[in-house]
Student: 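I have a structure here, written as structure tokens, and I will follow up with some questions on it.
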Number of protein chains: 2
Amino acid sequence: MNDRLARLKNFYKKHKRLPSYSEMLKLFNLSSKNAVFKIIQKLVESGLFKKENNKLAPTSKFFALPLLGVVKAGFPILAEENRDYLTLDEYLIEDPQSSFLLKVSGDSLIGLGIFDGDIVIIERKRLATSGDIVLAQIDREWALKILKKDGIKAHLESANPKYPPFYPKQELQIFGVVKAVVRKFN
Amino acid sequence: MNDRLARLKNFYKKHKRLPSYSEMLKLFNLSSKNAVFKIIQKLVESGLFKKENNKLAPTSKFFALPLLGVVKAGFPILAEENRDYLTLDEYLIEDPQSSFLLKVSGDSLIGLGIFDGDIVIIERKRLATSGDIVLAQIDREWALKILKKDGIKAHLESANPKYPPFYPKQELQIFGVVKAVVRKFN
DNA sequence: TGACAAAGTGAACATTTGTTTACTATAATG
DNA sequence: CATTATAGTAAACAAATGTTCACTTTGTCA
């Protein structure tokens, strides 16, 4: 049954771990651990779980959502076969240890599709390339803007014609680089 | 040591599960399980893990990234104290069972900040409200557009003045609603 | 220096784990 | 129908699990 898998996903969502075989007995309404053993064996074969020295763990496929092909007016969605699987956390966050999130306010980056209320993923580092969107302190004021380097000097720009470029009077210190944006609708 | 936590995170990233106490012995270069026991106890107290009938599991805090406060030109980032923690998957995907991802192509939704190459999270359902961004089939052609309802009739619009509205000649069938967008830079 | 907490060792132990074996019930198939 | 694979039961078992106890080492701070 595929509803077994759904129960496992529910359990995982709730407990952030997989149930033990004895816990699965209750979860599946079974009364023999061997039944569970066989069920898990099939799930391992289908690539949803893996085992390493008798410890069960989910694979990425277990967490991930199917990524369908490119949508363009008139173009059909790719078939089931060439499905890719993606976990948003893994896809968006390369180095979790040095990353953090930031809620954006203001419309200074709308040109890049970063709106008020969006959340950006920032990687902590002091060096950035010209063109990067950076979290920086310019003359002691925080800003989320585009870094522009002209020779050794650097300034910040917006992605909105409403705002002029910012040239630092004293100092411009970079704290991190925006690696991704996410936006929830509704 | 905080580098213990880093090692646990590495292990989790690699194996998609927590190590057992005996595995932690090696991971921490220790030789007594009691040392491990005490270490874990502290991590439980600090809210990074939880235990339920002797089974260890991470909490959301373990996975999540800190979400800092609103950034606005001149406004400082909120202090460490009022930190929130967020997992992107949990934040963006409400119902994983009925959701899938789609890579966007085309510029028909730039007005809503959805660009070519972005990935949208779509929830499978046949009903949508006027104003929702929907994945639909209009006269047998796939489209990712804005649904507009006028009375009982419905049509699709773009978020780009370049494109005219689409009025279905025969049928307009909705397959899902866009719940979120994500975009990676570089 | 001395006192005391924090961190680690080592061994012991009841429970629980995943696996195996042998057997039965159910369903599917030609 | 008989046959054969599939799904489930029941019991037994070695190995590994998390916990506890008593003790030692290391570090901290007054």
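Lettering of chains follows the sequences in order, A, B, ..., and the numbering in each one begins at 1. Treat the numbers as computed from the prediction; the structure is a model and nothing was measured.
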Student: Output the residues of residues 9-31 of chain A in contact with DNA chain C, where contact means a heavy atom of the residue under 4.0 Å from an atom of the strand; sort by number or write none.
Tutor: A/S20, A/Y21, A/S22
Student: Identify which nucleotide among D/dG8, D/dG18, C/dG10 has an atom closest to any side-chain atom of B/K33, counting heavy atoms from C-beta outward.
Tutor: D/dG18
Student: Just the rounded figure in Å: distance from P of D/dA7 to CD of A/Q41.
Tutor: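 Rounded to whole Å, this separation is 12 Å.
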Student: Does a donor on one side chain and an acceptor on the other come within less than 3.5 Å for A/S22 and A/K33?
Tutor: no
Student: Counting C-beta onward and ignoring hydrogens, is there a side-chain heavy-atom pair between B/I174 and B/Q137 closer than 4.5 Å?
Tutor: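 The answer is no; the side chains never approach within 4.5 Å.
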Student: When all nucleic acid strands are considered with a 4.0 Å heavy-atom cut-off, which category describes A/K55: base, sugar-phosphate, or nothing?
Tutor: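 Answer is sugar-phosphate: A/K55 comes under 4.0 Å of backbone atoms only.
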Student: Just the rounded figure in Å: distance from P of D/dA16 to CG of A/N53.
Tutor: 9 Å
Student: Hey, are B/E52 and A/R17 close enough for a salt bridge, meaning a charged N less than 4.0 Å from a carboxylate O?
Tutor: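 A salt bridge is present here (some side-chain N lies under 4.0 Å from a carboxylate O).
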Student: Nearest-Å distance, CZ (A/F37) to C1' (C/dT16)?
Tutor: 17 Å
Student: What is the ring orientation for A/F63 with A/Y12, classed by angle as parallel under 30°, tilted 30 to 60°, or perpendicular over 60°?
Tutor: perpendicular
Student: Please verify the inter-ring angle class for A/F49 with A/F62; under 30° counts as parallel, over 60° as perpendicular, anything in between as tilted.
Tutor: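 Judged by the thresholds at 30° and 60°, the geometry between A/F49 and A/F62 is tilted.
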Student: Given axes from five pairs at either end, by how many degrees does the helix from C/dT1-D/dA30 to C/dG30-D/dC1 bend, rounded to 10°?
Tutor: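 So the angle between the two local helix axes works out to 40°.
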Student: Taking only residues at least two apart or on different chains, which pairs with a member in residues 13-44 of chain A satisfy ring-ring contact (aromatic ring centres under 6.0 Å, His included)?
Tutor: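 As it turns out, the ring-ring contact (aromatic ring centres under 6.0 Å, His included) pairs with a partner in residues 13-44 of chain A, which skip direct neighbours, are A/F11-A/H15.
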Student: Assess the residue pair B/S108 and B/K145 against the criterion (side-chain hydrogen bond (donor to acceptor under 3.5 Å, both in side chains)); give the C-alpha distance rounded to whole Å, side-chain angles, the decisive distance to 0.1 Å, and a yes or no.
Tutor: CA-CA 8 Å; B/S108 77; B/K145 301 223 175 298; 3.2 Å; yes
Student: Which residue, B/K51 or A/N54, contacts DNA chain D at a nucleotide closer to its 5' end, judged by nearest heavy atom?
Tutor: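 Upstream on the strand: A/N54.
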Student: A/K38 has an atom NZ; how far is it from atom P of D/dA10, in whole Å?
Tutor: 14 Å
Student: Run the numbers on B/L5 and B/L48 for side chain to side chain contact (heavy atoms under 4.5 Å, CB included), then give the verdict.
Tutor: CA-CA 9 Å; B/L5 181 56; B/L48 282 157; 3.7 Å; yes
